Amino acid sequence: MRIEKKEIDKQYGYMHRISSLIGEGKKVYALTFGCQQNEADSERLIGMAKEMGYSVTNEKDEADLIIINTCAIREHAEKKALSITGQCKHLKAKNPSLIIAICGCMVTQKHRAEAIKHSYPYVDILFDTSMVYRFPEILYTRITKQKRQFALDPESKGNIPEGLPQHRENPFKAWLSVMYGCNNFCTYCIVPYVRGRERSRLKEDILREAKELVSKGYKEITLLGQNVNSYGKDLDEDYDFSDLLKDICAIEGDFIIRFMTSHPKDATHKLIDTMASEEKIAKHFHLPLQAGSNRVLDKMNRKYTREKYLSLVGYMREKMPDIGLTTDIIVGFPTETEEEFEETLDILKAVGFDNIYSFIYSPRKGTPAAEMEGQIPDDVKGERFQRLLDTQNEISITRNRTYEQKPTKVLVEGWSKTDKTMLTGRNEKNRLVHFKGGESLIGSFVNVMITEAETYSLFGELI
Ligand code: SAH
Ligand code: SF4
Ligand code: F3S
């Protein structure tokens, strides 16, 4: 269901008007775990806090409101969020009027929400992923009623909030959510349980937002969705992700479009043809593979085979010979044998990805894979993980060397974190590029001649 901010304001109008007085002179601090969807949600939460008068701080210690937006994808992400939540206790002791709000995918799981309610009594507010739009009202109620607030509703994960303010972190790169949720139920994954079913925003809403971003000078727009390329399947109109891309490309202006994350089962030739023909779409495809064995892919419920995947890559390279390709890989999925793991290494070599995001399988409560027999021992998972990294590092450096002595277009993002004399940015293919230049270039496109390649980045000179 589409929910308009204006309608929400009417419904909770009284509270919103008063709530604008709540944050005057106060500061909000937000910490975000997980994926870009979560980052976009945090930007909306901060946007609403700013409407309520809060100003933004990067210092936890001086905050009057702390928002921790959590992730549930792997155990590690949950542990980190819980440990940070634990650290808030002493902040609350120093500043009793501090409000601590925890939201996101981790607390959208009932067992985690219950645990936090009971074991972290100083947490003031808990709300799940579908309650983001109600944040001002929840916060207002907490402050005025002096009572902890829990907005956790497992039934309501179907909404599409529109018109929420968004505090964009980056002045030239913007997230644009085009759809929410996931229907795929890969057997290892928690996302469908915490983000609800797939639902697409109306194209009018998306195009309006895209035009606004371009007119404000954003240079890179990343379209977001858990399954971004299944956009439109739930709309009444016959309009798919490729159609949306074309309409966004038609907006006049100097900008590039990226999108994530795509599922191979929905990566159509039409989409690849659209990428090839539209200049504004960055020639980078992040296409999670997960595993190289057909038996494992089937057990993961991925709905494609290694042959299908390889044929997609073949078609992409036919249309865009120098496309940048990246992927996600999971090692140690239950029952994965040594031979099957080697099939993953083989397909990495066959494809030659520019880069991979590799993960050790982490059992998630409530998912089918967590209950499967044949869980892989930690030491075996760790050993496979290391071999995966070693294999990919060699491939990455070979791929990166193909950029040497060639010009590449880069959106300059800022100063390098490791060398303050170097500027850094990403090229179209999403490779990190470092080069010498001046402050004034930040936020603009430049051409760089690549002089040297390393495993994770490229070095060059401004042309
Ligand atoms: N919707 C996207 C991204 C999902 S989460 C997609 O379909 O690819 C990002 C990545 O986390 C996944 O691609 C997968 O590689 C990894 N992941 C998800 N669940 C995991 C788990 N239980 N253990 C380890 N890695 C996992
Ligand atoms: Fe998770 Fe699979 Fe959905 Fe991606 S497609 S979010 S991996 S269930
Ligand atoms: Fe994590 Fe939720 Fe994203 S589980 S990866 S923050 S959708």
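Along the sequence shown, residues carry numbers from 1. When a ligand or atom number is given, it counts from 1 through the structure's own listing order. The model shown is predicted, which means the values in this text are computed figures rather than measured ones.
- Taking the centre and axis of the six-membered ring of Tyr239, the NZ or CZ atom of Lys203 falls inside the cone set by 45° and 6.0 Å.
- The pair Lys233-Asp266 counts as a salt bridge, with a side-chain nitrogen and a carboxylate oxygen less than 4.0 angstrom apart.
- The shortest non-hydrogen separation linking Ser200 to Gly232 is OG-N, 2.9 Å.
- Heavy-atom proximity to Arg364, at under 4.0 Å, picks out these atoms of ligand 1: 22 (N).
- Heavy-atom contacts of Pro192 reach the following atoms of ligand 2: 8 (S) (cutoff under 4.0 Å).
- The pair Glu78-Arg112 meets the salt-bridge criterion, with a side-chain N (NZ, NE, NH1 or NH2) lying under 4.0 Å from an Asp/Glu carboxylate O.
- Ranking protein heavy atoms by distance to atom 10 (C) of ligand 1, first place goes to Asp328 OD2, 3.4 Å.
- Residue contacts with ligand 2, taken as heavy atom pairs separated by less than 4.0 Å, do not involve Pro288 at all.
- Close approach to Phe185 involves these atoms of ligand 2, each under 4.0 Å from a residue heavy atom: 8 (S).
- Atom numbering of ligand 2 starts at 1 in the shown order; those under 4.0 Å from a heavy atom of Cys182 are 3 (Fe), 5 (S), 6 (S), 8 (S).
- Counting the atoms of ligand 1 from 1 in the order shown, those under 4.0 Å from a heavy atom of Tyr361 are 23 (N), 24 (C).
- Across Arg74, Lys265, Lys381, Glu75, heavy-atom proximity to atom 17 (N) of ligand 1 is greatest for Arg74.
- Scanning the protein heavy atoms around atom 24 (C) of ligand 1, the nearest turns out to be Ile360 O, 3.4 Å.
- Look at Lys5 and Glu51 and you find a salt bridge, because one of the NZ, NE, NH1 or NH2 atoms lies within 4.0 Å of a carboxylate O, short of that distance.
- Ranking the protein heavy atoms by distance from atom 23 (N) of ligand 1 puts Ser362 N, 3.0 Å first.
- In terms of protein heavy-atom proximity, atom 1 (Fe) of ligand 2 is nearest to Cys189 SG, 2.3 Å.
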Please lay out, stage by stage, how Tyr456 and Asn393 fare under the test side-chain hydrogen bond (donor to acceptor under 3.5 Å, both in side chains). CA-CA 8 Å; Tyr456 301 109; Asn393 282 348; 3.0 Å; yes
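- Within the 4.0 Å heavy-atom shell around ligand 3 one does not find Met106.
- Below the 2.8 Å limit, atom 2 (Fe) of ligand 3 has as protein N, O or S neighbours Cys105 SG.
- The side-chain heavy atoms of Ser358 and Phe385, taken from C-beta on, include a pair separated by under 4.5 Å.
- At a cut-off of 2.8 Å, Cys186 is counted among the residues with an N, O or S atom near atom 2 (Fe) of ligand 2.
- Using a 3.5 Å distance cut-off with no hydrogens or angles, the side chains of Thr326 and His284 do pair a donor with an acceptor.
- Looking only at protein heavy atoms, the nearest one to atom 7 (S) of ligand 3 is Gln226 NE2, 3.0 Å.
- Residue contacts with ligand 1 include Ile330, since one of its heavy atoms falls under 4.0 Å from the ligand.
- The nearest protein atom to atom 19 (N) of ligand 1, hydrogens excluded, is given as Tyr188 CD1, 3.3 Å; this is a heavy-atom distance.
- Closest protein heavy atom to atom 1 (N) of ligand 1: Gln226 O, 2.7 Å.
- Within the listing of ligand 1, atoms 7 (O) sit less than 4.0 angstrom from a heavy atom of Arg302.
- Heavy-atom neighbours of Asp390 CG from other residues, nucleotides or ligands within 6.0 Å: above the threshold of 12.
- Using the six-membered ring where Trp is involved, Phe333 and Tyr361 have ring planes that are perpendicular, over 60° apart on the 30 and 60° scheme.
- For Ala40 against Ser177, the heavy-atom pair with the smallest separation is CB-OG, 4.0 Å.
- Close approach of ligand 2 to His263 (heavy-atom distance below 4.0 Å) involves ligand atoms 5 (S).
- What you find for Asn301 and Thr187 is that their closest heavy atoms are CB-CG2, 4.0 Å.
- The shortest heavy-atom distance from Arg302 to ligand 2 is under 4.0 Å.
- Of all protein heavy atoms, the one closest to atom 5 (S) of ligand 2 is Asn184 ND2, 3.3 Å.
- Met131 approaches Asp153 most closely through the heavy-atom pair CE-CB, 3.4 Å.
- Listed by number with element, the atoms of ligand 1 under 4.0 angstrom from any heavy atom of Gln290 are 8 (O), 12 (C), 13 (O), 14 (C), 15 (O).
- Cation-pi geometry between Arg431 and Tyr403 is not satisfied (NZ or CZ under 6.0 Å from the ring centre, within 45° of the ring normal).
- The shortest side-chain heavy-atom distance between Arg306 and Asp346 falls under the 4.5 Å cut-off.
- Residue Pro288 holds the heavy atom nearest to atom 8 (O) of ligand 1 of all those in Ser358, Pro288, Gly34.
- Side-chain contact check for Thr222 and Gln36: no donor-acceptor pair (N or O, by modelled atom type) lies under 3.5 Å.
- With respect to atom 6 (C) of ligand 1, the closest heavy atom belonging to the protein is Thr261 CG2, 3.9 Å.
- At a heavy-atom cutoff of 4.0 Å, ligand 2 is contacted by the side chain of Tyr188 but not by its backbone.
- Crowding of Glu62 atom CD: a count of heavy atoms from other residues, nucleotides or ligands under 6.0 Å exceeding 12.
- Closest to atom 5 (S) of ligand 1 among all protein heavy atoms lies Ile73 CD1, 3.5 Å.
- For ligand 2, the atoms closer than 4.0 angstrom to any heavy atom of Gln226 are 6 (S).
- In this structure the side chain of Pro165 never reaches within 4.5 angstrom of the side chain of Lys50, judged on heavy atoms.
- At least one side-chain heavy atom of Asn38 sits under 4.5 Å from a side-chain heavy atom of Arg195.
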